[in-house]
Amino acid sequence: MYLSIIIISILGTLFHFLYDISNHNKIVGLFAAVNESTWEHIKIALTPTIIWSIYDGYIYGANPNYFTAKLSSLVILIVFIPTIFYLYKYFTDKPIIIVDILIFYIAIILSQISFYSIIKLQQIEFTINYLSCIGIFIIFGFYMVLTLLPIKSFIFKDPITNKYGFKGHS
């Protein structure tokens, strides 16, 4: 578990800067943060978690709880990051960079704790695992679509440029 937290954290940090490092390569932008919106910060936690699935799928893929564990880990990232960010920002009226960074890493830790906890459970019903597999594909599909066609919502809006998606890059 500790290795996954470390690797996902390092990759997530890298994916925060990778779009700029790649000279604004659009393919890279599908997976890396293209602006400072909340969505892009969720994305840089999702990307390395999905990449890590290559490894944990090899190790745990035969575990009947694998897809439920993976879906849980992804949903935690999607829900925790914006919930805690907007909750604290409600009280402070402005973002605080150190708190934003801590939210990112705590989300990764909680995500991985969830994954490994569910992997260790007794076998979850097949239907739940099947639906979890479908849920993972839905998340991945939305992940791609929302990067290319962001919804005109506060979560997708770059707070610096007040634009969305690739156009929101400052």
Side-chain angles (χ1 to χ4, degrees), residues 1-63 65-86 88 95-120 132-133 135-148 150 155-156 158-160 164-166 168-170:
M1 174 170 62
Y2 301 112
L3 181 62
S4 67
I5 291 168
I6 292 167
I7 290 176
I8 291 168
S9 296
I10 291 169
L11 287 174
T13 302
L14 173 67
F15 277 95
H16 189 277
F17 304 102
L18 198 57
Y19 184 64
D20 284 333
I21 292 169
S22 75
N23 202 24
H24 305 143
N25 182 301
K26 299 286 189 206
I27 303 287
V28 171
L30 290 173
F31 305 98
V34 298
N35 65 47
E36 292 297 322
S37 71
T38 306
W39 164 249
E40 296 297 326
H41 287 85
I42 294 168
K43 193 168 84 173
I44 63 171
L46 286 174
T47 298
T49 303
I50 291 169
I51 290 170
W52 182 255
S53 298
I54 296 167
Y55 174 79
D56 70 24
Y58 177 76
I59 301 298
Y60 298 106
N63 183 304
N65 298 343
Y66 178 76
F67 292 111
T68 301
K70 184 53 65 178
L71 179 64
S72 171
S73 72
L74 297 174
V75 168
I76 285 172
L77 296 172
I78 293 167
V79 173
F80 183 83
I81 291 172
T83 301
I84 302 304
F85 173 74
Y86 290 114
Y88 97 78
I96 303 167
I97 187 110
I98 191 69
V99 175
D100 296 347
I101 292 167
L102 285 172
I103 289 170
F104 176 77
Y105 292 122
I106 291 168
I108 290 169
I109 292 167
L110 293 175
S111 168
Q112 293 307 294
I113 289 171
S114 169
F115 176 84
Y116 289 102
S117 296
I118 292 171
I119 282 292
K120 293 177 187 175
S132 295
C133 182
I136 291 167
F137 281 102
I138 290 169
I139 287 172
F140 190 71
F142 273 108
Y143 167 89
M144 290 292 156
V145 170
L146 292 173
T147 295
L148 295 169
I155 202 164
F156 297 96
D158 182 297
I160 298 167
Y164 302 87
F166 288 105
H169 185 71
S170 52

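One is the number of the first residue; the rest follow in order along the sequence.
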pair Leu11-Trp52: side-chain heavy atoms closer than 4.5 Å: no
Do Phe85 and His41 touch side chain to side chain, with heavy atoms closer than 4.5 Å? no
Report the relative orientation of the aromatic rings in Phe115 and Tyr66; use parallel for angles under 30°, tilted for 30 to 60°, perpendicular for over 60°. perpendicular
Is a side-chain N or O of Thr13 found less than 3.5 angstrom from the main chain of Ser9, in a donor-acceptor match? yes
Kindly indicate whether the side chain of Leu74, heavy atoms from C-beta on, has any atom under 4.5 Å from the side chain of Phe140. no
Heavy-atom distance under 4.5 Å between the side chains of Phe31 and Tyr143, does that happen here? yes
Heavy atoms of other groups near Tyr86 OH, more than 12 under 6.0 Å: yes
Residue pair Trp39 / Tyr164, side-chain heavy-atom distance below 4.5 Å: no
Close side-chain approach of Ile103 to Tyr88, heavy-atom, < 4.5 Å: yes
Any chance you could measure Ile84, atom CD1, to Phe80, atom CZ, to the nearest 0.5 Å? 4.5 Å
Here's one to test your reading of the geometry: is the NZ or CZ of Lys26 within 45 degrees of the ring axis of Phe166 and under 6.0 Å from its centre? yes
Answer yes or no: are there more than 12 heavy-atom neighbours, outside Leu3 itself, under 6.0 Å from its atom CG? yes
Would you say Ile59 has more than 12 foreign heavy atoms packed within less than 6.0 Å of its CD1? yes
Between Ser73 (side chain only) and Ser111 (backbone N and O only), is there a donor and an acceptor less than 3.5 Å apart? no
Find out whether Thr147 and Lys43 are in side-chain contact, i.e. whether some heavy atom of one side chain is under 4.5 Å from a heavy atom of the other. yes
Between Phe15 and Ile51, does a side-chain contact (heavy atoms from CB on, under 4.5 Å) hold up when you go through it step by step? CA-CA 12 Å; Phe15 277 95; Ile51 290 170; 3.8 Å; yes
Side chain proximity check, Asn35 to Ile160, heavy atoms < 4.5 angstrom: no
The reported gap from CG in Asp158 to OG1 in Thr38 (rounded to nearest 0.5 angstrom) is 9.5 Å
Residues Pro150 and Gly165: closest non-hydrogen pair is CG-N, 3.5 Å
Can you name the nearest heavy-atom pair linking Glu40 to Ala33, along with the distance? OE1-CA, 3.3 Å
Derivation and outcome, side-chain contact (heavy atoms from CB on, under 4.5 Å), residues Asp56 and Lys70: CA-CA 9 Å; Asp56 70 24; Lys70 184 53 65 178; 2.7 Å; yes
Restricting to non-hydrogen atoms, name the atom on Thr68 and the atom on Ser132 that form the minimum distance, rounded to 0.1 Å. OG1-OG, 3.1 Å
Can you measure from CD1 (Ile109) to CD1 (Ile113) and round to the nearest 0.5 angstrom? 7.0 Å
Calculate, to the nearest 0.5 Å, the distance between atoms CD1 and CD1 belonging to Ile108 and Ile5 respectively. 9.0 Å
To the nearest 0.5 Å, tell me how far Ile6 CD1 sits from Gln112 CD. 11.5 Å
Looking at every heavy atom in both Leu77 and Ala45, which two are closest together, and how far apart are they? CD1-O, 3.5 Å
For a quick test of reading the model, state the closest non-hydrogen atom pair linking Ala32 to Leu18 and the distance between them. CB-CB, 3.9 Å
Can you measure from CG (Leu71) to CD1 (Ile78) and round to the nearest 0.5 angstrom? 8.0 Å
Please find the pair of heavy atoms, one from Tyr19 and one from Gly29, that lie closest to each other, and give the distance. CD1-CA, 3.6 Å
